[in-house]
Protein chains: 2
Amino acid sequence: MKEEKSEIVITSLDDIARELGLSKSTVSRALSGKGRIGAQTKARVRQYVKKAEYKPNLIARSLAQSKTYNLGVVLPADSDLAEKPFFQVFLLGVCEAASANDYDVVVTVVVEKDISALKNLVRNKKVDGIILTRLLVHDYAAAYLKRSGIPFLVVGSSSDESLVQVDTDHESACENLTSLLLSMGNRRMAVVIGSDEHAVNISRYRGYAKVMENRPEGICREIVFQNVGSKTAIDKSVEGIMKEGADCILCGDDIICSQVLSKLNAMNIRIPEDIRVASFYDSAHLKYNNPPITALEIDVKELGVIAGQSLIDKISGKPFTRRTILNYQIALKKSTQ
Amino acid sequence: MKEEKSEIVITSLDDIARELGLSKSTVSRALSGKGRIGAQTKARVRQYVKKAEYKPNLIARSLAQSKTYNLGVVLPADSDLAEKPFFQVFLLGVCEAASANDYDVVVTVVVEKDISALKNLVRNKKVDGIILTRLLVHDYAAAYLKRSGIPFLVVGSSSDESLVQVDTDHESACENLTSLLLSMGNRRMAVVIGSDEHAVNISRYRGYAKVMENRPEGICREIVFQNVGSKTAIDKSVEGIMKEGADCILCGDDIICSQVLSKLNAMNIRIPEDIRVASFYDSAHLKYNNPPITALEIDVKELGVIAGQSLIDKISGKPFTRRTILNYQIALKKSTQ
DNA sequence: TTGTATGCGTTATCAC
DNA sequence: GTGATAACGCATACAA
């Protein structure tokens with residue numbers, strides 16, 4: 001009676017080689033598919049590996065190839081951003097793409113301008129490439145990564161042609177939404193938008209400005225609020241907007257919109273009767289609001305998938321698109337009727 | 001004139017050893033601190049390493065020690081959970097703890113009951129330990145990890161004593177909030193809570209039930225809604241609750257609460273005049289709501305830090321607490337006045 | 001206290 | 001097409 005093979009634990013190419021009477025280089029080739037190898041030996045090895053439930057040691061492979069098969073994703077930890085589901089949903093998308101390509105995802109955090117964790121990740125060679133999930137106007141992280149030479153990709157739009165970018169065209173999206181609301185009869189369009197340091201806020205404002213500049217009345221500074229962050233700043237801007245008699249408020253993102261709504265509510269101002277409200281970025285809370293809020297919708301998870309796949313393509317030396325622009329939708333709701 | 005040392009790139013222990021006229025094992029010891037080593041050689045090596053900006057190759061170390069210095073964090077990707085900032089904030093906390101211990105964080109996703117990505121992570125030995133960010137009543141992931149033998153920790157409470165747990169005491173928190181609201185004059189306390197499959201929802205309901213059972217009127221089934229998920233289910237429950245003449249609604253979490261508020265708003269029901277509302281879990285949106293909503297507050301980031309640190313302790317063989325309970329606060333707001 | 005030799009499990013470069 | 005053998009960079013048991 002033969003020995004039970006199942007008692008032998010197979011943990012390395014050596015083990016397989018011994019069991020099959022081959023050399024470990026042959027086994028390696030059979031599994032990787034690289035190099036010349038006989039069709040039947042290949043099949044035999046693969047079959048054996050399958051039933052032996054052998055899993056190659058990826059660490060060893062990493063050492064040999066100096067590749068980690070890890071993608072790095074950099075999340076910002078600035079207080080208000082932590083509340084935004086954007087990063088989480090995006091991350092799920094990246095994980096999906098990574099998983100489909102046998103990569104894993106390592107996350108790291110930058111707090112304000114402190115990119116030390118990112119530096120460690122790069123210097124320790126823990127990842128093959130990196131995704132920056134938001135772009136600042138003067139982005140330390142991007143500047144560092146550029147110097148470091150590691151493949152990376154930014155979510156956001158920049159005039160820097162050397163950056164690989166994945167983004168929605170915020171500028172034209174906001175332009176379209178603004179035009180549309182004008183065409184629906186609104187005239188004095190106010191805007192409340194976040195920090196100027198975030199590239200996305202600049203793009204959004206540009207979209208708005210582009211439309212308003214071409215109107216006879218032009219941009220009315222009294223109802224334009226950029227760089228608002230705190231709840232009190234938002235409250236003040238809403239008060240100012242109402243005093244100026246605007247008929248529509250455009251909110252830079254969902255968090256701002258949520259706070260604008262809260263303030264309007266507190267002031268007993270009805271939507272859409274007394275004023276219309278729309279947001280440049282959507283979220284569940286705006287959908288569930290009463291009334292539901294008109295907003296730009298983007299498929300964030302898909303954005304993550306595409307970002308992940310693009311980065312992997314770049315890492316693998318495959319052709320990759322330097323700038324990928326995702327679609328958006330304007331979801332018209334009761335808040336602007 | 002001597003050669004410029006700065007021209008030589010130091011990439012391995014061998015390089016350092018050669019430059020310093022030592023053997024690489026001595027250098028290794030000087031850096032790791034393990035084994036016996038002379039105080040001055042140690043200092044000399046460390047100083048040299050510092051100015052040479054040498055970074056050890058962690059992959060090689062991993063291979064040699066069969067340790068990855070990576071923590072795995074499992075995020076659920078069920079549609080509604082993706083919107084909850086909980087996981088994101090928690091993740092930031094874990095990253096902080098990891099970073100402080102020279103660990104990195106690898107994230108992976110489970111969708112419903114599909115734990116294949118988690119299995120790959122474990123089988124490929126990409127991490128030294130794992131954190132499950134939510135616990136199901138019948139948790140496949142936890143069961144798998146138990147079988148696999150890898151160190152892991154769950155966020156959530158379970159009667160399974162073999163699980164390392166980190167959590168808030170949801171049951172007593174909800175108990176306290178419920179009692180408090182009763183003592184404030186409310187009598188018919190309705191509850192709207194999410195899926196029974198999530199351990200946390202069971203705990204929350206228990207806290208509520210524990211208080212109500214001891215009341216003369218007992219638990220009134222007509223105003224208890226468990227297992228609600230969809231917006232329509234929530235709308236229906238709110239309608240039922242109003243018909244039954246409840247005077248307070250307890251919401252299982254922030255998302256549910258948000259939807260309950262939306263429905264109440266649509267029905268022109270005033271808070272707190274017509275009905276009081278509170279939530280078993282807080283979020284920015286509830287704070288910004290008008291009126292602000294009474295809710296249980298927990299420090300989620302701190303939860304992440306503690307989870308990360310506990311797992312690292314367990315991995316390192318340090319003493320660790322089998323069950324860590326974090327504090328919570330009851331934030332009384334206008335919605336229950 | 002320090003040096004030598006070996007192992008970790010792959011991939012890759014040679015011969016054959 | 002296959003098999004030795006040398007990297008990859010570090011840790012560690014053992015020898016000195």
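Every chain is numbered from 1 and lettered A, B, ... according to where its sequence line falls, protein lines coming before strand lines.
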For this session: Select base, sugar-phosphate, or nothing to describe what A:L22 touches, counting heavy atoms under 4.0 Å on all strands.
Result: sugar-phosphate
Problem set entry | Interatomic distance, B:K67 NZ vs D:dT12 C1' [rounded to whole Å] | 16 Å
Problem set entry | Side chain of B:K34 - closest among D:dG3, D:dT12, C:dT10 | D:dT12
Exercise. Looking for any heavy atom pair under 4.0 Å, which part of the strands does A:R36 touch: base, sugar-phosphate only, or nothing?
Worked result: base
For this session: Classify the nucleic acid contact of B:S28 as base, sugar-phosphate or nothing, counting any heavy atom under 4.0 Å across all strands shown.
Result: base
Problem set entry | From C:dT13, C:dT11, C:dA12, nucleotide with atom closest to A:R29 side chain | C:dT13
Exercise. Within the structure shown, what part of the strands sits under 4.0 Å from B:L13 by heavy-atom distance: base, sugar-phosphate, or nothing?
Worked result: sugar-phosphate
For this session: Answer yes or no: is there an ion pair linking A:D167 with A:R323, defined by an N-O contact shorter than 4.0 Å?
Result: no
Exercise. A:D14 has an atom CG; how far is it from atom C1' of C:dC8, in whole Å?
Worked result: 11 Å
Seminar exercise, completed: 5'-most contact on DNA chain D (nearest-nucleotide basis), A:K42 vs B:R61, goes to A:K42
Exercise. Taking the side chain of A:N57 as heavy atoms from C-beta outward, which of C:dG9, C:dT6, D:dT2 is closest to it?
Worked result: C:dG9
For this session: Select from B:Q65 and B:G21 the residue whose nearest nucleotide in DNA chain C is closer to the 5' end of that strand.
Result: B:G21
Problem set entry | Distance, rounded to the nearest Å, where B:Y69 contributes OH and D:dA11 contributes C1' | 10 Å
For this session: Please determine if A:D78 and A:R134 form a salt bridge, counting it only when a charged side-chain N lies under 4.0 Å from a carboxylate O.
Result: yes
Exercise. Starting at the 5' end of DNA chain C and moving along, which residue's nearest nucleotide shows up first, B:S23 or A:P56?
Worked result: B:S23
For this session: Select base, sugar-phosphate, or nothing to describe what A:S12 touches, counting heavy atoms under 4.0 Å on all strands.
Result: sugar-phosphate
Exercise. Mind checking what makes side chain to side chain contact (heavy atoms under 4.5 Å, CB included) contact with A:R123, not counting sequence neighbours?
Worked result: A:K119, A:N120, A:Y144, B:K55
Exercise. Has the side chain of A:S25 got a donor or acceptor that lies under 3.5 Å from a partner of the other kind on the base of C:dT11?
Worked result: no
Exercise. When the distance from NZ of A:K24 to P of D:dA4 is rounded to whole Å, what number comes out?
Worked result: 11 Å
Exercise. So, are B:E161 and B:R322 salt-bridged, with charged N and O less than 4.0 Å apart?
Worked result: no
For this session: Mind checking B:L63 for me? I need base, sugar-phosphate or nothing, with any heavy atom below 4.0 Å counting as a touch.
Result: base
Exercise. Should the heavy atoms of other residues, nucleotides or ligands under 6.0 Å from NZ of B:K67 be counted, would the total exceed 12?
Worked result: yes
For this session: Assign A:T41 to base, sugar-phosphate, or nothing according to its heavy-atom contacts below 4.0 angstrom with the strands shown.
Result: sugar-phosphate
Seminar exercise, completed: Among D:dG3, D:dT12, D:dC10, the one nearest any side-chain atom of A:T26 is D:dG3
